[in-house]
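Step one of this worksheet: look at the structure below.
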Amino acid sequence: MKTMPHFIGGEPRPSADGATFEDRAPATDLPLATLSRGAEADVDAAVSAARDALTGPWGDTTPEQRADLLDAIADGIEARFDELAQAESDDTGKPVSLARAVDIPRAVANFRFFAGAVRHDETGCHPMPGALNYTVRKPLGIVGLITPWNLPLYLLTWKVAPALGMGNTVVAKPSEVTPVTAGLLAEIIYDAGAPAGVFNLVHGFGAEAGQALVAHPDVDGISFTGGTATGAVVAATAASSFKKLSLELGGKNASVVFADCDFDATVAGVARAAFANQGQICLCGSRILVERSLHDRFVEALVAEVEATRAPGDPSDPATAFGSLVSPAHRAKVEGYVELARSEGGTIATGGRRPMLPAPHDAGAFYEATVVTGLAHDSRTATEEIFGPVATVHAFDTEEEAVAIANEVRYGLAGSVWTNDLRRAHRVAGAMESGMIWVNTWLKRDLRVPFGGVKDSGVGREGGRHSLEFFSESKNICVAL
Ligand code: NAD
Ligand code: 6OD
């Protein structure tokens, strides 16, 4: 079993009070690692190390030097690819095949992409009569990065790369549920040549280390990804010190299927949108709205697709496509929603049970991919974020009704539209109240585009120039001519 301390000032360091906590593998419920449990004193030490680094030689680095560091970190992730993929799978319960295909390649891509973005960044010049304005970007300063458990390395590196690229120093607080790859990333960042204190990592719980980081008076900005309720606490805590804030929060996303869709591709695409990573992606399409004339045929094909391709199994087996949920506690929450669906009058078309798996996976947090039909579209099951492998299917009669149902939730993160009518695709995509819409696809990512939500799904955008802008302060200089 691993012992994983914090990383402060470029060195592994235990908690000031010696406290630790245990991380378990959800697919077996066996202990995986013992981690230092951070509190205010550890956050203080990390912020102080980050401040020293900011005022040291790091503060004089050029964008080119920082871009070279990001590329070296990407090289370091590639060099430890197998270890990182297995660690991510062990810690989250996700199939190692998924970690190898998505999580770790995306961590590499995040560093390579932002290396290029920083190298090619430009600012504006606004000539006026008698004067010239030009804009320079300064680092924000010390940034706190707080991340969830579903895509641990993918989402942490999505923030670390632009933060370092723009010349900030970082204090990261990964999810206490899946902290292992963050510890490995700290080693990789220092092996790549980062100066001491540029990247600091404090492990621990949200109410302790996370809260201390958001409240810290010397932290200049917070980029937070997590649940909406937590986001509200983070926003309230950060407000009194006017920290710059980016909030990427929860979702309850609609997949809107019209009768003229490309049927087989849509069934496969909608199933992937609902159940990728065991349904534990903020972008997952867990409310499936189907034009009434196609509804019954679609449900039958969706159930067949799910049963054929998403049998839960050992995440370490390269052939497994559907792993365990992230923890027994999270499975209990998902099971509670399936009970709620039954009590709200839903029919379980497939799933709705714990699968029977041989030891040691009989102790794991596995749950079947579950499709529920017959629920009111405004039922609690169909409108609250479950963040697990449960999708509800609802029929609609008109385009207007589909848009109204899609928009009746408090969230506005993402959605997808499945149709061969190009004009309708544009109309519906435009009318859905979401930060991101895919048409005839899902989670196809271009790292330049704005990523983020509306309504209770968040505030602000990350990605491309949006990340560069968030992690810097733009300053105008006006020179009289
Ligand atoms: P969570 O909100 O419980 O935790 C997220 C992080 O916040 C963790 O590191 C946690 O320790 C920390 N935290 C908790 N309380 C805190 C506090 N008071 N102050 C500071 N930090 C605190 O979320 P989770 O259960 O880890 O992740 C699932 C949620 O994240 C879902 O709602 C999902 O939709 C959302 N999510 C959103 C996106 C997005 O890009 N919009 C991406 C992934 C996950
Ligand atoms: O693809 C991304 O950049 C991103 N931030 C994905 C978030 C997924 C949420 O679970």
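First listed ligand is number 1; within each ligand, the first listed atom is number 1.
- Checking only distances, Thr230 does come within under 3.5 Å of ligand 1, N or O to N or O.
- Close approach of ligand 1 to Leu155 is summarised as follows: ligand atoms under 4.0 Å from at least one heavy atom of the residue are 42 (C), 43 (C).
- Less than 4.0 angstrom separates some heavy atom of Ser175 from each of these atoms of ligand 1: 9 (O).
- The ligand atoms of ligand 1 that sit less than 4.0 angstrom from a heavy atom of Trp149 are 24 (P), 25 (O), 26 (O), 27 (O).
- For Lys159, the salt bridge (charged side-chain N to carboxylate O under 4.0 Å, His left out) test picks out Glu462, with sequence neighbours left out.
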Are there any N/O pairs under 3.5 Å between ligand 2 and the protein, and if so, what are their distances?
unit_1, atom_1, unit_2, atom_2, d
ligand 2, 1 (O), Arg106, NH1, 3.0
ligand 2, 1 (O), Tyr154, OH, 2.6
ligand 2, 1 (O), Arg445, NE, 2.7
ligand 2, 3 (O), Arg106, NH2, 2.7
ligand 2, 3 (O), Arg445, NE, 3.4
ligand 2, 3 (O), Arg445, NH2, 2.7
ligand 2, 10 (O), Asn150, ND2, 2.7
ligand 2, 10 (O), Cys282, N, 2.9

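- Taking Glu187 as the reference, Arg80 meet the salt bridge (charged side-chain N to carboxylate O under 4.0 Å, His left out) condition, with sequence neighbours excluded.
- Within the 4.0 angstrom cut-off, atom 18 (N) of ligand 1 has one or more protein heavy-atom neighbours.
- In the vicinity of Phe224, heavy-atom distances shorter than 4.0 Å reach the ligand 1 atoms 2 (O), 6 (C), 7 (O).
- Between the side chain of Ser472 and the backbone N or O of Leu468, at least one donor-acceptor pair lies under 3.5 Å.
- For Asp220 and Lys243, the salt-bridge test fails: no basic side-chain N is under 4.0 Å from an acidic carboxylate O.
- A salt bridge links Arg287 with Glu408: at least one charged nitrogen is closer than 4.0 Å to a carboxylate oxygen.
- For the pair Arg310 and Phe275, the cation-pi test (distance below 6.0 Å, angle within 45°) is failed.
- At a 4.0 Å heavy-atom cut-off, ligand 1 touches Thr225 through backbone and side chain alike.
- Here Leu249 has backbone heavy atoms under 4.0 Å from ligand 1, and that is the only part of it that gets that close.
- The shortest heavy-atom distance from Ala209 to ligand 1 is not under 4.0 Å.
- Nearest protein neighbour of atom 33 (C) of ligand 1, counting heavy atoms only, is Phe387 CE1, 3.3 Å.
- With salt bridges taken as basic N to acidic carboxylate O contacts below 4.0 Å, none links Asp71 and Arg66.
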For this session: Tell me, with the steps shown, if Phe199 and Phe7 meet ring pair (Phe, Tyr, Trp, His ring centres under 6.0 Å).
Result: CA-CA 8 Å; Phe199 177 82; Phe7 240 90; 7.9 Å; no
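- Between Val234 and ligand 1, a contact under 3.5 Å exists for no N or O pair.
- Among all non-hydrogen protein atoms, the one lying nearest atom 30 (O) of ligand 1 is Gly226 C, 3.0 Å.
- If you number the atoms of ligand 1 from 1 as listed, the ones under 4.0 Å from a heavy atom of Ile146 come out as 6 (C), 7 (O), 9 (O), 12 (C), 20 (C), 21 (N).
- Applying the 4.0 Å criterion to heavy atoms of Asn150 picks out, from ligand 1, the atoms 43 (C), 44 (C).
- A donor-acceptor pair is defined here as one N or O able to donate and one able to accept, closer than 3.5 Å; no such pair exists between the side chain of Trp418 and the backbone of Ser255.
- For the pair Arg445 and Trp158, the cation-pi criterion (under 6.0 Å, within 45° of the ring axis) is fulfilled.
- Within 6.0 Å of CD on Glu40 lie no more than 12 heavy atoms contributed by other residues, nucleotides or ligands.
- Polar contact check, Gln211 against ligand 1: a nitrogen or oxygen pair lies under 3.5 Å apart.
- Under a 3.5 Å cut-off, the side chain of Arg354 and the backbone N or O of Phe366 do not form any donor-acceptor pair.
- With a 4.0 Å heavy-atom cut-off, ligand 1 is reached by the backbone of Pro174 but not by any atom from C-beta on.
- Under the salt bridge (Lys or Arg N to Asp or Glu O under 4.0 Å) test applied with Arg353, the options Glu339, Glu368, Glu335 reduce to a single match, Glu368.
- Nearest residue to atom 39 (C) of ligand 1 from Gly206, Ala238, Cys282, Gly453 is Cys282 (criterion: closest heavy atom).
- Within ligand 1, the atoms closer than 4.0 Å to a non-hydrogen atom of Glu176 are 10 (C), 11 (O), numbered from 1 in the order shown.
- Residues satisfying the side chain to side chain donor-acceptor pair (under 3.5 Å) test with Asp68, not counting sequence neighbours, are Arg119.
- Near Gly210, the atoms of ligand 1 lying under 4.0 angstrom from a non-hydrogen atom of the residue are 19 (N), 20 (C), 21 (N).
- A distance-only check finds a donor-acceptor pair linking the side chain of Lys252 to the backbone of Glu384 [under 3.5 Å].
- Of the protein's non-hydrogen atoms, Gly227 N, 3.4 Å is the one closest to atom 23 (O) of ligand 1.
- Asn407 places a side-chain N or O within donor-acceptor distance of the main-chain N or O of Glu433, the cut-off being under 3.5 Å.
- Heavy atoms of Thr237 found under 4.0 angstrom from ligand 1: none, in either backbone or side chain.
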